[in-house]
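Have a look at the structure below before the remarks.
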Amino acid sequence: MNKKIGNIFKGDKVIWMVFFLLCMISVVEVFSASSGLTYKSNNFIMPIVKHSGTILMGVVVAVLTVNVPCRYFKIMTPFVLLAAFITLLAVLMAGESINGAQRVLTVLGFSFQPSEIAKGAVILAVAQILSAMQGERGADRKAFGYILFIVLPLAFLIMLENLSTAVLLCGVVLLMMIVGRVPMVQIGKLLGVVAIIAVLGLTLIMAVGHDERREKPQLAKTEVAQAASADKQEESALEKLFHRADTWKARIDDFLDDSEVPPEEYDLDRDAQVAHANIAIVSSNGIGKGPGNSVERDFLAQAFSDFIFAIIIEEMGIAGAASVVFLYIVLLFRTARIASRCENNFPAFLAMGLALMLVVQASFNMLVAVGFVPVTGQPLPLISKGGTSTIINCAYIGAILSVSRSAKRAAKAGGEPAGESAVRAA
């Protein structure tokens with residue numbers, strides 16, 4: 001029996017354990033945090049049934065991906081890149097709007113987020129470039145240009161509708177270049193250019209964007225919405241291109257506003273997500289209220305997605321939150337160990353890139369929930385309720401496990417301690 005199970009769940013057992021624990025936490029916490037969905041659907045059980053079905057589908061995808069040899073990931077790279085580019089263009093022209101941004105594309109009745117495909121495509125391409133251009137002293141200087149040629153167009157298309165995802169992706173690519181030993185001089189110049197662009201971008205956002213809540217505080221909430229709609233009818237071509245600037249500016253203003261507001265004057269309508277996330281964290285009293293006993297889930301608009309970590313803290317306390325953080329840390333370090341055993345560079349860079357993507361996104365989500373960074377709209381990987389993102393994240397886990405299978409075989413065939421073959425290969 002154990003042998004049959006082992007034949008299905010191949011690859012590194014620790015990664016599988018982390019994966020299943022995150023999935024179980026997801027089922028429990030999404031069930032607890034979905035009160036808003038149950039109220040809207042008038043069905044207590046259906047939201048968690050759908051989510052459990054998505055998780056189960058994700059596990060199947062992970063199992064299937066484990067059985068894909070790493071060489072096939074190389075072959076599919078140009079096709080995935082082309083699909084990502086086409087779907088990103090399509091979503092800008094005919095995408096479904098969610099929270100004011102066109103992020104979802106529907107094809108033959110199936111809805112998905114092209115940005116999720118683009119993230120995986122970029123990781124595949126960067127891993128392939130870094131592996132193909134590795135030398136004794138690190139990556140060839142030309143690798144830097146090839147990476148920018150691939151990443152910048154896709155990141156720009158993502159940025160137009162989802163700035164946080166574009167920043168997340170670029171950050172992961174930067175980390176991959178550091179791991180891939182791209183010359184630090186080139187990375188330093190890149191960081192300098194990025195700093196200049198960031199300053200110019202913030203200036204443009206503050207100039208083009210309109211935070212109606214602060215610019216017209218005397219208006220009621222409905223009047224603000226009407227005023228914003230009227231302004232958009234007269235917006236310039238630049239404002240149409242950067243129509244998300246209003247949202248970006250509002251989030252920056254909220255984050256930078258450190259003025260103390262008396263409790264009786266706090267506007268829960270304007271800052272509902274941040275306010276109720278803070279209330280959820282504080283009301284946990286450090287020990288938590290217990291699974292299913294959250295109160296703030298009834299007030300947080302994205303309790304089951306963007307702010308699920310706040311609900312985890314409220315119900316499970318500091319120990320529960322630390323356990324979730326620990327699982328992501330184990331995932332990253334275990335993947336690093338797997339990468340160190342790889343004889344070839346491509347599987348190592350691919351596994352590290354995918355692990356970094358999951359862990360960096362998780363860090364973004366958790367930092368938002370505790371108020372350390374502005375609201376970004378990033379879900380907590382493998383825990384938050386989702387469709388495309390959940391299944392694709394499960395595919396990422398499957399790819400990491402596929403790399404672990406080849407690394408394990410290489411370690412056995414080589415008969416040498418973990419890491420020595422990788423050192424020589426690098």
Side-chain angles (χ1 to χ4, degrees), residues 6-16 18-19 58-84 116-135 139-140 143 146-147 150-151 172-173 175-177 179-182 331-359 391-416 418-426:
N7 289 333
I8 298 175
F9 300 106
K10 303 172 184 177
D12 188 83
K13 303 306 179 188
V14 175
I15 299 290
W16 272 118
V18 169
F19 176 55
V59 173
V60 173
V61 169
V63 171
L64 294 175
T65 309
V66 170
N67 292 280
V68 178
C70 289
R71 63 179 179 275
Y72 290 114
F73 293 129
K74 270 189 175 183
I75 296 172
M76 70 173 65
T77 300
F79 302 102
V80 178
L81 277 173
L82 181 61
E116 295 296 328
I117 298 175
K119 288 192 296 186
V122 168
I123 298 300
L124 279 169
V126 173
Q128 193 157 333
I129 292 170
L130 289 174
S131 64
M133 306 192 74
Q134 280 293 310
D140 188 282
Y146 292 139
I147 291 173
I150 294 293
V151 173
V172 171
V173 170
L175 292 174
M176 289 184 69
M177 288 195 291
V179 172
R181 298 189 299 170
V182 169
L331 173 62
L332 181 61
F333 279 89
R334 189 67 182 183
T335 303
R337 184 179 180 187
I338 291 168
S340 71
R341 292 177 172 178
C342 293
E343 286 190 330
N344 299 318
N345 289 315
F346 173 72
F349 290 136
L350 176 61
M352 283 304 301
L354 295 176
L356 286 169
M357 176 62 70
L358 292 171
V359 174
I391 293 173
I392 291 182
N393 287 334
C394 291
Y396 292 167
I397 294 293
I400 294 172
L401 289 164
S402 175
V403 172
S404 73
R405 290 183 62 200
S406 60
K408 185 176 181 181
R409 287 196 299 267
K412 287 183 178 180
E416 56 188 356
E420 290 186 10
S421 59
V423 170
R424 288 205 308 273

Nearest 0.5 Å, what's the NZ-CZ distance between Lys13 and Arg334? 11.5 Å
Considering residues at least two apart in sequence or located in another chain, which fulfil the side-chain contact (heavy atoms from CB on, under 4.5 Å) criterion with Ile391? Thr54, Met57, Val61
Could you walk me through whether Val18 and Ile397 pass the side-chain contact (heavy atoms from CB on, under 4.5 Å) check? CA-CA 10 Å; Val18 169; Ile397 294 293; over 6 Å; no
I'd like to check the side-chain contact (heavy atoms from CB on, under 4.5 Å) partners of Pro78; sequence neighbours left out, ordered by chain and number. none
Between the main-chain N or O of Phe346 and the side-chain N or O of Asn344, is there a donor-acceptor pair closer than 3.5 Å? no
For Ala84 and Ala118, work out which heavy atoms get closest and say how close. CB-CA, 3.7 Å
Donor-acceptor contact present, side-chain Thr65 to main-chain Gly398, <3.5 Å: no
Looking only at heavy atoms, which two atoms of Ala62 and Trp16 are closest? And how far apart? CB-CH2, 4.4 Å
Quick one: does Val80's side chain get under 4.5 Å of Phe73's, heavy atoms only? no
side-chain contact (heavy atoms from CB on, under 4.5 Å) partners of Ile400, counting only residues at least two apart: Thr335, Leu354, Ala355
Between Val403 and Cys70, is a side-chain contact (heavy atoms from CB on, under 4.5 Å) present by the stated rule, with each step listed? CA-CA 7 Å; Val403 172; Cys70 289; 3.7 Å; yes
Which pair of non-hydrogen atoms, one from Leu81 and one from Ala125, has the smallest distance, and what is that distance? CD1-CB, 3.8 Å
Residue pairs, two or more places apart or on separate chains, that pass salt bridge (charged side-chain N to carboxylate O under 4.0 Å, His left out) and touch residues 116-131: Glu116-Lys119
Residues that Asp140 engages under salt bridge (Lys or Arg N to Asp or Glu O under 4.0 Å), provided they are two or more places apart: none
State the CG-OH distance between Asn67 and Tyr72, to the nearest 0.5 angstrom. 12.0 Å
What pairs of residues pass the side chain to side chain donor-acceptor pair (under 3.5 Å) test when at least one of them lies in residues 347-359, not counting sequence neighbours? none
Looking at Ala348 and Ala339, what are the two nearest heavy atoms and their distance? CB-O, 3.6 Å
side-chain contact (heavy atoms from CB on, under 4.5 Å) against Leu82, all qualifying residues, sequence neighbours excluded: Ile86
Given 3.5 Å as the limit, does a donor-acceptor pair link the side chain of Ser402 with the main chain of Val68, or not? yes
Please evaluate residues Lys74 and Leu350 with respect to the criterion side-chain contact (heavy atoms from CB on, under 4.5 Å), reporting the C-alpha separation (whole Å), side-chain torsions for both, the decisive distance (0.1 Å), and the verdict. CA-CA 10 Å; Lys74 270 189 175 183; Leu350 176 61; over 6 Å; no
Can you list everything that forms a ring pair (Phe, Tyr, Trp, His ring centres under 6.0 Å) with Phe349? Sequence neighbours excluded, please. none
Contacts under 3.5 angstrom, residues 126-133 side chains, donor-acceptor by atom type, not counting sequence neighbours:
| from | atom 1 | to | atom 2 | distance (Å) |
| --- | --- | --- | --- | --- |
| Gln128 | OE1 | Thr77 | OG1 | 3.1 |
| Ser131 | OG | Ala127 | O | 3.0 |
| Ser131 | OG | Gln128 | O | 2.9 |

Working note: Met352 + Leu332, criterion side-chain contact (heavy atoms from CB on, under 4.5 Å); need CA distance, chi angles, decisive distance, verdict. CA-CA 8 Å; Met352 283 304 301; Leu332 181 61; 4.3 Å; yes
With rounding to the nearest 0.5 Å, note down the distance linking CG in Asp12 to CZ in Arg337. 8.0 Å
Kindly indicate whether the side chain of Leu331, heavy atoms from C-beta on, has any atom under 4.5 Å from the side chain of Phe19. no
For Val172 against Gly353, the heavy-atom pair lying closest together: CG1-O, 3.8 Å
